[in-house]
2 protein chains.
Amino acid sequence: MRGMDYVTSLFARKVVAAAGSGIDAAAMLAQVGIDPDAPWNPGQMIPAARYYAMLEAIAGQIDATDLPIRTGASMRLDEYGALGLAFKAATTLGASYARVERYARLWTSVVEYELRPTTGGTLFILHRAGDRHLGMRLSNEATLASAVSIARQVCPVPLSPVEVLIRHPAPPRVAAHEAWFGCPVRFGAGLDAILYDDETLARPNILGDEGISHYLAAHLDAELSELTTEPPLVTQARAAIAQALSEGTPKMAEIARGLGLSARSFHRRLSDHGMTFQTLTEETRRDLAEGLLRDESHSLAEIAFLTGFSEQSAFTRAFKRWVGTTPASYRKRLSHG
Amino acid sequence: MRGMDYVTSLFARKVVAAAGSGIDAAAMLAQVGIDPDAPWNPGQMIPAARYYAMLEAIAGQIDATDLPIRTGASMRLDEYGALGLAFKAATTLGASYARVERYARLWTSVVEYELRPTTGGTLFILHRAGDRHLGMRLSNEATLASAVSIARQVCPVPLSPVEVLIRHPAPPRVAAHEAWFGCPVRFGAGLDAILYDDETLARPNILGDEGISHYLAAHLDAELSELTTEPPLVTQARAAIAQALSEGTPKMAEIARGLGLSARSFHRRLSDHGMTFQTLTEETRRDLAEGLLRDESHSLAEIAFLTGFSEQSAFTRAFKRWVGTTPASYRKRLSHG
DNA sequence: AGCCTTTTGACCGCTGCGGCCAAGGCGCGG
DNA sequence: CCGCGCCTTGGCCGCAGCGGTCAAAAGGCT
């Protein structure tokens, strides 16, 4: 998933639910690769382009003006995994948003968030590159609404921003937007952002706790560090190894050649990063296995094959050591949240 | 630290602080291997026998009757690391104690805890093997007091047990015990335990949260699974490798022979566990490095040597990849909590 | 252009990994 | 007791990774 334009399937499911009975829900979910009858898989990612297309298809069937607001309103912190927990446990609302600013990149490369002090308070800015066609417009509105929705879940008193700024032109009606946000919503602004006054951001969260917050941040920092310190060459090698694993364990020389290096030079580069090719191969196998287990269309035998194990039993044993449970058990746990 | 009789240095520091000015604090801490002038190292473990001896030495200098109570009263949940966080985030007090029952073994092999339903409520039992000489008696009282102390930190209302049971005979005075626990304290009982009524154990904790609790439990479960599913042979191999690393990377055949196996059979055993010798060696190196970094008497150069790296720079690179920060930075972070 | 430093790539000894096969040990049934 | 089947063990070996060595190539600076 790294480096590719994916978003979490959570938004797709929520949008379809918020759209109500005016659309064919099953067809919409199938359009983005979600099995409508399967239990929800929290880790499933879907291509961003397909998500935008689905939003546009929904807008073609029903009046979607208020859809982003209803979608955002339905978001729950516990549906955001570790980031949601970190948001909840942060000591103040401002610290919560700082968590999003720092760690959202662990989940998606499509958007980035920024906290920016300004006159009258602090802006929580949503950066999303690309053309502002209808799908992305709806998606941006939903994202801003969800950012306020989760804030309301950690705040001990009713909460509204000072103002919401949206870059694209206004839809036909904005009454629902302003009613829900509880503040003016300015379309055609220079950026997509929520403006909070600093008193609001300094308010302690209901479940804020320094110890838990620190623990969660340490774990997220470790993941982030891996993402940001890894040389591009190593990342490319991971992708090449993952691609080659279905044909058995790739040889270092093959991977090196694919990257334009001799085996010895490739070896040196890995060593500079404190790593060996065998370790890289094993990590890649593990990551690939965990990812494939989230995608329920692959059988366990198929995953063993795709991860380059000559026997399913060897895959089971390795996976059990990595994660602590068997692949089947792990998948069962994923399905039931 | 695995499999050896160690306890956390936290208790030693707290006992010395609770003992007040009647003892030579620096000498007592030095007796168990704690540098009195260094910042506190939360991960430092000390031999249990030494801890008991220190308690007895303190009792030889001051009246230690109330010392366990004062020690227990000073314990803070945030000083218990991940277990303290899990205790705090559990949804009820009973679930908090269930966390201790399940995960305490990750920290020490000296004691075990058990929740046992009985008439009038549920017993939280402390199991500690060995002779009940004075050091252990004081330690048991302090442990029970701390178990109540941390419960009082998650409970929204004042909390007392129904009764406290202690196996060893009563000290000269028990008034401070009963005043502090807020219930009868029965010495000479059949076991060491706290009796709570079930209504108390069902009470929601102040910061109880299902999502956070589940996340913390999952992480602790992964650690526990590693501890409980690892074959003894693999554990022994780890110890042998750690021992041999200061002489450079040990060869598989040497380690195998030390365990009474041929290299091929040893290799098979590892494979049955889903592991290779190289992976085992690397994990051992990492564990050893992290442990040695907690012990401030070793320089970074020395740790690189003890973990079998031919150059400190190679150690730094590998450590950075493992943990996300340099060894020096990691140590600095440990010192400042 | 010359010089110095760094990087590259070929080579190679050592060791781990895993397949293969024969020998030995154990348990069970006749 | 003996024969048979199954499982474990250990030796052997081909392949590939790991890391040291050295000469050649590349890059940077004056």
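Below, chain A is the first sequence line, B the second, and so on; all start at residue 1. Any value given below was found using the heavy atoms of this structure, including those in side chains, with hydrogens, waters and symmetry copies removed.
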Going through the checks in order, is the side chain to side chain donor-acceptor pair (under 3.5 Å) test met by B:T284 and B:T281?
-> CA-CA 5 Å; B:T284 305; B:T281 303; over 6 Å; no
Evaluation steps, salt bridge (Lys or Arg N to Asp or Glu O under 4.0 Å), between B:R269 and B:E230 | CA-CA 11 Å; B:R269 297 289 179 84; B:E230 184 169 272; over 6 Å; no
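Distance, B:E254 CD to C:dC14 P: 15 Å, rounded to whole Å. Here D:dT9 presents its P atom at 12 Å from CZ of B:R257, a figure rounded to the nearest Å. Computed from coordinates, the A:K251 NZ to D:dC15 P distance equals 10 Å when rounded to whole Å. At whole-Å resolution of the value, CD1 in B:I255 and C1' in C:dG16 are 14 Å apart. Between the P atom of C:dC17 and the CZ atom of A:R317 lies a distance of 14 Å, rounded to the nearest Å.
You won't find any donor-acceptor pair under 3.5 Å spanning the side chain of A:R264 and the base of D:dG17, going by distance alone.
Phosphate contact (OP1/OP2 of D:dT9, side-chain N/O of B:S262, threshold under 4.0 Å): absent. For the OP1/OP2 pair of D:dG10 and a distance below 4.0 Å, the side-chain nitrogens and oxygens of B:R268 include no atom meeting the criterion. Distances shorter than 4.0 Å separate none of the side-chain N or O atoms of B:H267 from OP1 or OP2 on C:dG16.
Note that CZ of A:F277 is 14.5 Å distant from OG of A:S271, once rounded to the nearest 0.5 Å.
Residue-to-nucleotide proximity on DNA chain D shows that, of A:M252 and B:E311, the 5′-proximal contact is made by A:M252.
Within the structure, the side-chain hydrogen bond (donor to acceptor under 3.5 Å, both in side chains) test picks out the following pairs touching residues 243-262 of chain A (sequence neighbours left out): A:T249-A:R285, A:S262-A:S265.
In the region residues 270-283 of chain B, proximity to DNA chain C at under 4.0 angstrom, judged on heavy atoms, holds for B:T276, B:F277, B:Q278.
Between the side chains of A:R286 and A:T307, no donor-acceptor pair of N or O atoms lies under 3.5 Å.
A 6.0 Å sphere centred on CD of A:E114 holds more than 12 heavy atoms belonging to other residues, nucleotides or ligands.
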